[in-house]
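Every chain is numbered from 1 and lettered A, B, ... according to where its sequence line falls, protein lines coming before strand lines.
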There are 2 protein chains.
Amino acid sequence: MAMPVGIDDVARAAGVSTATVSRALRGLPDVRESTRKRVEEAAVRLGYAPTPSAVSLASGRTRTIGLLTPWVSRWFHSNAIEGACQALRLAGFDALLYSFQLEHDATRTPIDLDVLRRRVDGVLVVGMTMTASEVALLESLGVPLVYVGSGPPEQVRVHVDDVATARLATQHLLDLGHTRIGHIGGYPEQRTPWATEVCRARGYRDAMRAAGLPDDPDLLAYGRFERDGGRRAAVELLERVGDLTAIVADSDEMAFGALEVLRERGVTVPGRVSVVGVDGHELGDLIGLTTVAQDAVALGGAAAGLMLEMITGAPVDRDVVFPVELVRRASTRRH
Amino acid sequence: MAMPVGIDDVARAAGVSTATVSRALRGLPDVRESTRKRVEEAAVRLGYAPTPSAVSLASGRTRTIGLLTPWVSRWFHSNAIEGACQALRLAGFDALLYSFQLEHDATRTPIDLDVLRRRVDGVLVVGMTMTASEVALLESLGVPLVYVGSGPPEQVRVHVDDVATARLATQHLLDLGHTRIGHIGGYPEQRTPWATEVCRARGYRDAMRAAGLPDDPDLLAYGRFERDGGRRAAVELLERVGDLTAIVADSDEMAFGALEVLRERGVTVPGRVSVVGVDGHELGDLIGLTTVAQDAVALGGAAAGLMLEMITGAPVDRDVVFPVELVRRASTRRH
DNA sequence: ATCGTCAATGTAAGCGCTTACGGTCGCTCG
DNA sequence: CGAGCGACCGTAAGCGCTTACATTGACGAT
């Protein structure tokens, strides 16, 4: 194991001062081209690489972005993280992963954001509905923030139009002649108005109203944004609504849960009930789930891009909205 | 935004030297209990938190673990990462995520491991078959290494017995009376002997031989360890083997791909062909895929635990093997 | 009373960089 | 021909901690 080579070693080898090495290697001006060449040559020859912590301490920058996420193994999150990671690496930035297992949304333990302090140059909030106080806490870190998936309107965010997305899903069902359409979504209580849960619920309601259908609370069921949440909500819905002919689930994973319940109860899909989800989960294809797809990887990548621009001080779009696409598959049909 | 409070501020507030603050806050000996109390009180009051880069620079430790992984959005990886992340956070460690999109395995671009140098106290290699030279490079980092999923025998690793796993899957099919059992696995070429691809292929072969069946190269098809890889391999298999009655796929995701192909071609499952996968993917339940399940989250968590022990210098098991479990579902039946 | 001992602190030298500031030198310009 | 000006580079002061080593008392032993 070769012993560590520092910036002074390079300086000595190149016959210049450490300051010049620093400038030369970082491409700063005020360095003669011939000198820079010589320094770079020496650096390569010695296999020099700056010590990150020393750079951070001296410069105040970490070249690291924090990824704040409630889960890493869920579809949206893992894909968005993947996209962000790639983009960050390309720019020479590192990704610090902070996954907070958020239990019950109500009694959720306060996130210890202090672990981020002075650790990152910016943070990407991935698919996480934060409370107002959490947002304030985040802002107190004093670094750029980008919200992926959903975020406060006044913040920089990269997302799809959740209202339109749910409306599209619902409209698809309406177009097929359904009217008794149940909605399976995330718990809207204690949510800020911009939460995905809230927006998608609104999209559903908007579509129903626009079709002249009355608001019917029986058609609404909630659960956590995952398969099991979808299961519970579906059970509720089936027990409450006898003439249900369709379900729009706010995520594919919830839809999968609903499909399970339907199958267990012998309710054929799309024979008796049509189901549409939201996300564009890879396995939706195999399962034959009609869905409104979004490109989570691209969202993550775009968010990372924005973040990098913000760090360099460039002005950025405060609100980047990605398109969604209805993917018709076997789980929906005319009523 | 309150201005940053440093260790000296705490020292002043507590009426001691910075050295004492450092010792007191880190629980080192040689600090009178009353002093420690006073220092802690002051630290809390001022909202002091040490600057990570300063700590790293001075101590040489980063309290950060690098997670090396080829993908984050695939089942095994996202789950293992999730498990590792949680365990690390509990210990106050950060997780630096390095996701390398490995393209073609043959011409894979050399991983730039230098980004890890002096950045991490250890690295977890998650579900990644590394070449001998990559392993050597990793070792040159001079930090503890733990391999999750598969790794060189002489290294510390946390994994399932891949040979036994594939054997179990195959045996299940044999027990059901199948003999024309195709195997869908990852490309075994250019792999080290301990690669998951190689071991699972061996498990399949062992089971077949043990059942007295001849080696039949026609029954082997390869692809990447994901859905599309499963698709291609399945297509190959179907075109080559007319009397195929069962398939063992080396991952659930590959099995899903195979199921798609079978369905597209009108081959009923398990009517004409039985399929068994490996992993325990959440959606295997919905899809009804028989599989040999492993607990990826637990693997990740255990690996993180080992890592932490290694960092503190404790001796650890060099080889932690987790159990697997056959989960019978609708995709397999008696021939 | 004297000395070693040991617990509890303080002192200060780094850790490996960045960067404000100063200095040199060769030119241009009035 | 001297002042002024850039271009280029070196000096050195940190950045905010950790830690080897020195220091100080208090105390029991001699």
Engineer: With nearest nucleotides of DNA chain D determined for S53(B) and A19(B) from heavy-atom distances, which residue corresponds to the more 5′ nucleotide?
Structural biologist: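 Counting from the 5' end, the first nearest nucleotide belongs to S53(B).
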Engineer: Please give, in whole Å, the distance from dT19(C) C1' to L28(A) CG?
Structural biologist: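 Roughly 10 Å, once rounded to whole Å.
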Engineer: Rounded to the Å, how far apart are R32(B) CZ and dG10(C) P?
Structural biologist: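 These atoms are roughly 10 Å apart.
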Engineer: Less than 4.5 Å apart, side chain to side chain, heavy atoms only: is that true for W194(B) and R157(B)?
Structural biologist: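 Side chain of W194(B) against side chain of R157(B), heavy atoms only: contact under 4.5 Å found.
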Engineer: For S53(A) and S56(A), which I'm curious about, is there any donor-acceptor pair between the side chains at under 3.5 Å?
Structural biologist: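 On atom types as modelled, these side chains do not qualify, holding no pair under 3.5 Å.
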Engineer: Is it true that K37(B) and E40(B) have a side-chain N and a carboxylate O under 4.0 angstrom from each other?
Structural biologist: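 No, K37(B) and E40(B) are not salt-bridged.
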Engineer: Provide, to the nearest angstrom, the distance between the CZ atom belonging to R12(A) and the P atom belonging to dG10(D).
Structural biologist: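 My rounded result for the distance is 14 Å.
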Engineer: Quick one: which of dC9(D), dT18(D), dT9(C) gets closest to the side chain of D30(B)?
Structural biologist: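 Nearest listed nucleotide: dT9(C).
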Engineer: If you only use heavy atoms from C-beta on, which nucleotide in dT19(C), dC9(D), dC17(D) is closest to the side chain of Y48(B)?
Structural biologist: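 That would be dC17(D).
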Engineer: Quick one: does S140(A)'s side chain get under 4.5 Å of R117(A)'s, heavy atoms only?
Structural biologist: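 Yes; the side chains approach each other to less than 4.5 Å.
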Engineer: Does dT11(D) have OP1 or OP2 sitting under 4.0 Å from an N or O in the side chain of S17(A)?
Structural biologist: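 So the side chain of S17(A) is outside the cut-off, no N or O lying under 4.0 Å from OP1 or OP2 of dT11(D).
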Engineer: Categorize R61(A) for me: base, sugar-phosphate, or nothing, with a 4.0 angstrom heavy-atom threshold over every strand shown.
Structural biologist: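 R61(A): backbone/sugar contact only, no base atoms under 4.0 Å.
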Engineer: How do P29(B) and R118(B) order along DNA chain C: which one's closest nucleotide is nearer the 5' end?
Structural biologist: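 Of the two residues, P29(B) wins.
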Engineer: Distance check needed: dT18(D) C1' versus I7(B) CD1, whole Å only.
Structural biologist: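 I7(B) atom CD1 is separated from dT18(D) atom C1' by 8 Å.
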Engineer: To the nearest Å, how far apart are R63(B) CZ and dG16(D) C1'?
Structural biologist: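 Atom-to-atom, R63(B) to dG16(D), this comes out as 17 Å.
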Engineer: Measure CG/L25(B) against C1'/dC17(D) and give the value in whole Å, please.
Structural biologist: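 Computing the L25(B):CG to dC17(D):C1' distance gives 12 Å.
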Engineer: Please determine whether a side-chain nitrogen or oxygen atom of T51(B) lies at a distance below 4.0 Å from atom OP1 or OP2 of dC17(D).
Structural biologist: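 Checking T51(B) against dC17(D): at least one side-chain N or O falls below 4.0 Å of OP1 or OP2.
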Engineer: If you pin D8(A) and T18(B) to their nearest nucleotides in DNA chain C, which one's is more 5'?
Structural biologist: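 First, find each residue's nearest nucleotide; the 5'-ward one identifies T18(B).
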Engineer: Under 4.5 Å between any side-chain heavy atoms of V123(B) and Y98(B), yes or no?
Structural biologist: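 A side-chain contact under 4.5 Å is absent here.
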Engineer: List the steps and the verdict of side-chain contact (heavy atoms from CB on, under 4.5 Å) for R38(B) and E41(B).
Structural biologist: CA-CA 5 Å; R38(B) 192 152 36 92; E41(B) 197 270 341; 5.7 Å; no
Engineer: When you check the phosphate oxygens OP1 and OP2 of dC9(D), does a side-chain N or O of T35(A) lie under 4.0 Å from one of them?
Structural biologist: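 Checking T35(A) against dC9(D): at least one side-chain N or O falls below 4.0 Å of OP1 or OP2.
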Engineer: Looking at the base of dG10(D), is there any donor atom on it, or on the side chain of R23(A), that sits under 3.5 Å from an acceptor on the other one?
Structural biologist: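 In this structure, the two groups form a donor-acceptor pair.
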Engineer: Could you tell me whether the phosphate oxygens of dT19(D), OP1 or OP2, come under 4.0 Å of any side-chain nitrogen or oxygen in R26(B)?
Structural biologist: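 R26(B) to dT19(D) OP1/OP2: side-chain N or O found under 4.0 Å.
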Engineer: Nearest to the T20(B) side chain among dC17(C), dG14(C), dG10(C), which nucleotide is it?
Structural biologist: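 That would be dG10(C).
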Engineer: Roughly, in whole Å, what's the span from CZ in R38(B) to C1' in dT9(C)?
Structural biologist: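 My rounded result for the distance is 11 Å.
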Engineer: To the nearest Å, give me how far apart CG (L57(B)) and P (dG14(D)) are.
Structural biologist: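 The distance from CG of L57(B) to P of dG14(D) comes to 17 Å, rounded to the nearest Å.
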Engineer: dC17(D) phosphate, OP1 or OP2: any side-chain N/O from S22(B) under 4.0 angstrom?
Structural biologist: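 The answer is no; no side-chain N or O of S22(B) sits under 4.0 Å from OP1 or OP2.
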